[in-house]
Amino acid sequence: MPLTAPKGLEGAEARVSLVDHEFQPQALKVALGTTLIFVNQGQHPHTVTDNLGRFDSGVLAPGTEFRRTFTEPGTYAIYCRIHPYMVFSLEVGE
């Protein structure tokens with residue numbers, strides 16, 4: 001079951017950690033306009049890549065972050081290009 005970020009907080013931020021070959025949490029629901037901060041807290045490089053090619057973080061070294069504001073509603077399937085078994089599901093509400 002995905003975690004849910006606070007509703008009605010356009011411009012809100014939510015944090016997603018990349019740790020030891022998994023996204024934490026692995027699923028999240030957010031309001032339109034939310035900025036996600038993906039932080040590589042592991043020991044290996046990772047990417048934050050949309051499976052439809054809408055965005056890609058490039059390689060994130062340990063200790064670095066990638067920010068993305070979601071302005072289009074829908075479901076996003078996100079993965080790491082380096083470790084394709086690392087998956088994250090995002091639902092952006094209207």
- Task: Tell me, please, which residues at least two apart from His21 pass side chain to side chain donor-acceptor pair (under 3.5 Å).
- Result: His83
- Task: Would you name the heavy atoms of His46 and His44 that are closest together and state the gap between them?
- Result: CD2-O, 3.2 Å
- Mind checking whether Phe55 and Phe23 sit in one hydrophobic cluster, side chains of I, L, V, M, F, W, Y counted as touching below 4.5 Å? yes
- Task: Mind jotting down which residue pairs meet the salt bridge (Lys or Arg N to Asp or Glu O under 4.0 Å) criterion with at least one end in residues 35-46? Sequence neighbours excluded, please.
- Result: none
- Message: Among residues at least two apart in sequence or on other chains, which ones pass side chain to side chain contact (heavy atoms under 4.5 Å, CB included) with Arg54?
- Response: Asp50, Leu52, Tyr76
- Message: Which residues pass the side chain to side chain donor-acceptor pair (under 3.5 Å) test with Ser57, not counting sequence neighbours?
- Response: none
- Nearest heavy-atom approach of Leu60 to Glu65 is CD2-O, 3.9 Å
- Task: Taking all heavy atoms of Glu13 and all of Ile37, pick out the closest pair and write down the distance.
- Result: OE1-CD1, 3.4 Å
- Message: With a 4.5 Å cut-off on side-chain heavy-atom distances among I, L, V, M, F, W and Y, is there a chain of contacts connecting Ile82 to Val87?
- Response: no
- Rounded distance (nearest 0.5 Å) linking atom OG1 of Thr47 with atom CE of Met86: 8.0 Å
- Task: Drop me the distance from Leu90's CG to Thr34's OG1, to the nearest 0.5 angstrom.
- Result: 8.5 Å
- Message: Testing the basics here: between Pro62 and Pro45, what is the closest heavy-atom pair and its distance to 0.1 Å?
- Response: CD-N, 4.3 Å
- Message: With rounding to the nearest 0.5 angstrom, report the SG to CD distance, Cys80 to Glu22.
- Response: 12.5 Å
- Task: Using the test side chain to side chain donor-acceptor pair (under 3.5 Å), find all partners of Thr71 that sit at least two apart in sequence or belong to another chain.
- Result: none
- Query: Passes side-chain contact (heavy atoms from CB on, under 4.5 Å), Asn40 versus Phe66? Steps please.
  - Reply: CA-CA 9 Å; Asn40 185 352; Phe66 171 68; over 6 Å; no
- Message: I need the minimum non-hydrogen distance between Gly93 and Pro73, along with the two atoms involved.
- Response: O-CB, 4.1 Å
- Query: Going by the salt bridge (Lys or Arg N to Asp or Glu O under 4.0 Å) test, which pairs reach into residues 69-86, not counting sequence neighbours?
  - Reply: Asp56-Arg81
- For Leu18, which of Val39, Val48, Thr64 qualifies under side-chain contact (heavy atoms from CB on, under 4.5 Å)? Val48
